[in-house]
S.K.: 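Could you have a look at this structure, given as structure tokens, before my questions?
Given the structure is predicted, the values throughout are model-derived calculations rather than measurements.
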Amino acid sequence: MGLYRNVFKRLLDTIVAIIFGIVLIIPLFIVAILIKLTSKGPIFFKQERYGKNSVPFTLYKFRSMTDGAPVKANSEFSDIKSFVTPFGMFIRKTSIDELPQLINIIKGEMSFIGPRPLAITDEKVLRLRRQNGGDQVLPGISGLAQVNGRNKIEDFQKAFYDGKYAKNVSLISDFRLIFATFKAVIVREGIFK
């Protein structure tokens, strides 16, 4: 498990992220143009998030919310949908907004599978992760909490799943989570609370 967690997983993530980046360059460019044409504001949403060992880094996503949306945790919005642009709704439902995180993977800040990188607005989950070891692995685009409810589960459940994943990292569990992620994206599970 140690060799996979520390060496092979990082190498595999980097190679796959570079391949995806090359294959998807034209579709990503089209998404960027559509974001710019359909709403005011930048193409990318950049935010400080906390990764392995709770070290901060800048996370990249395609912007899906209006330029004037308040900066707070998704769970704190009473009606988050009113701040999501029409095209943003599409890229959120299809998880296309997550694709710029390929940059974070190539930089070694993230993995394809791991606990979601959280912002300071998710302080409760960050604290619980530090307690249960959930912050001891690279964060991921998807993870155990995402395939078990995503934004519809409570903070303590998210932290529980993150700690469970960190204790049981393996190639087999990562492949299972990749397939479960594709299923969740297709049926659009847990996008909004």
S.K.: Between Glu98 and Gln101, is a side-chain hydrogen bond (donor to acceptor under 3.5 Å, both in side chains) present by the stated rule, with each step listed?
M.R.: CA-CA 6 Å; Glu98 307 287 351; Gln101 290 166 51; 2.3 Å; yes
S.K.: Mind listing the closest non-hydrogen atom pair of Tyr165 and Gly114 along with its distance?
M.R.: CE2-CA, 3.7 Å
S.K.: Between the main-chain N or O of Ala159 and the side-chain N or O of Asn132, is there a donor-acceptor pair closer than 3.5 Å?
M.R.: yes
S.K.: Decide yes or no for Leu12 and Leu171: does some side-chain heavy atom of the first lie under 4.5 Å from some side-chain heavy atom of the second?
M.R.: yes
S.K.: Flag yes if more than 12 heavy atoms outside Lys36 fall under 6.0 Å of its NZ atom; otherwise flag no.
M.R.: yes
S.K.: Between Gln136 and Lys52, what is the shortest heavy-atom contact and its length?
M.R.: O-CE, 3.4 Å
S.K.: Please determine, by modelled atom types, if Ser39 and Thr85 share a side-chain donor-acceptor pair under 3.5 angstrom.
M.R.: no
S.K.: Does CD1 belonging to Ile26 count more than 12 external heavy atoms closer than 6.0 Å?
M.R.: no
S.K.: How far apart are the closest heavy atoms of Val31 and Ile91, and which atoms are they?
M.R.: CG1-CG2, 4.4 Å
S.K.: Quick check: do Val147 and Tyr161 have side-chain heavy atoms less than 4.5 Å from each other?
M.R.: no
S.K.: Restricting to non-hydrogen atoms, name the atom on Pro115 and the atom on Gly134 that form the minimum distance, rounded to 0.1 Å.
M.R.: CG-O, 3.4 Å
S.K.: Treat each ILVMFWY residue as a node, draw an edge where side-chain heavy atoms are under 4.5 Å apart, and state whether Leu34 and Phe90 are in one component.
M.R.: yes
S.K.: If we only count heavy atoms from C-beta on, is the Ile113 to Lys9 side-chain gap below 4.5 Å?
M.R.: yes
S.K.: So do the side chains of Ile105 and Ile141 get within less than 4.5 Å of each other, counting heavy atoms only?
M.R.: yes
S.K.: State, with a plain yes or no, whether a side-chain heavy atom of Ile33 is found less than 4.5 Å away from one of Leu37.
M.R.: yes
S.K.: Looking only at heavy atoms, which two atoms of Ile106 and Arg10 are closest? And how far apart?
M.R.: O-NH2, 3.4 Å
S.K.: Are Leu126 and Leu59 linked, directly or through other ILVMFWY residues, by side chains that come within less than 4.5 angstrom of each other?
M.R.: no
S.K.: For the pair Arg129 (side chain) and Lys158 (backbone), establish whether a donor and an acceptor sit closer than 3.5 Å, ignoring hydrogens and angles.
M.R.: no
S.K.: Do Leu28 and Val16 share a hydrophobic cluster (ILVMFWY, side-chain heavy atoms under 4.5 Å, transitive)?
M.R.: yes
S.K.: Is there side-chain contact between Pro42 and Asp67, with heavy atoms separated by less than 4.5 Å?
M.R.: yes
S.K.: Shortest non-hydrogen contact from Ser54 to Asp135?
M.R.: OG-OD2, 2.7 Å
S.K.: Checking the side chain of Arg49 only, and the main-chain atoms of Pro117 only, is there a donor and an acceptor separated by less than 3.5 Å?
M.R.: yes
S.K.: Under the ring pair (Phe, Tyr, Trp, His ring centres under 6.0 Å) criterion, do Phe62 and Phe44 qualify, and how do the steps go?
M.R.: CA-CA 5 Å; Phe62 280 126; Phe44 296 106; 5.5 Å; yes
S.K.: Side chains of Tyr50 and Ile120, heavy atoms from C-beta outward: is any pair under 4.5 Å?
M.R.: yes
S.K.: A side-chain contact here means heavy atoms from C-beta on lying under 4.5 Å apart; do Leu177 and Ser142 qualify?
M.R.: no
S.K.: Tell me whether the count of non-hydrogen atoms from other residues, nucleotides or ligands lying under 6.0 Å of CZ in Phe87 goes above 12.
M.R.: yes
S.K.: May I ask you to check whether over 12 heavy atoms, not counting those of Arg127, lie within 6.0 Å of atom CZ?
M.R.: yes
S.K.: Any link between Ile22 and Tyr60 through a network of hydrophobic side chains (Ile, Leu, Val, Met, Phe, Trp, Tyr) touching at under 4.5 Å?
M.R.: no
S.K.: Please confirm whether the backbone N or O of Pro139 pairs with a side-chain atom of Arg116, one donor and one acceptor, at under 3.5 Å?
M.R.: no
S.K.: Given salt bridge (charged side-chain N to carboxylate O under 4.0 Å, His left out), test Lys61 with Asp97 step by step and report yes or no.
M.R.: CA-CA 5 Å; Lys61 294 175 81 168; Asp97 62 324; 3.6 Å; yes
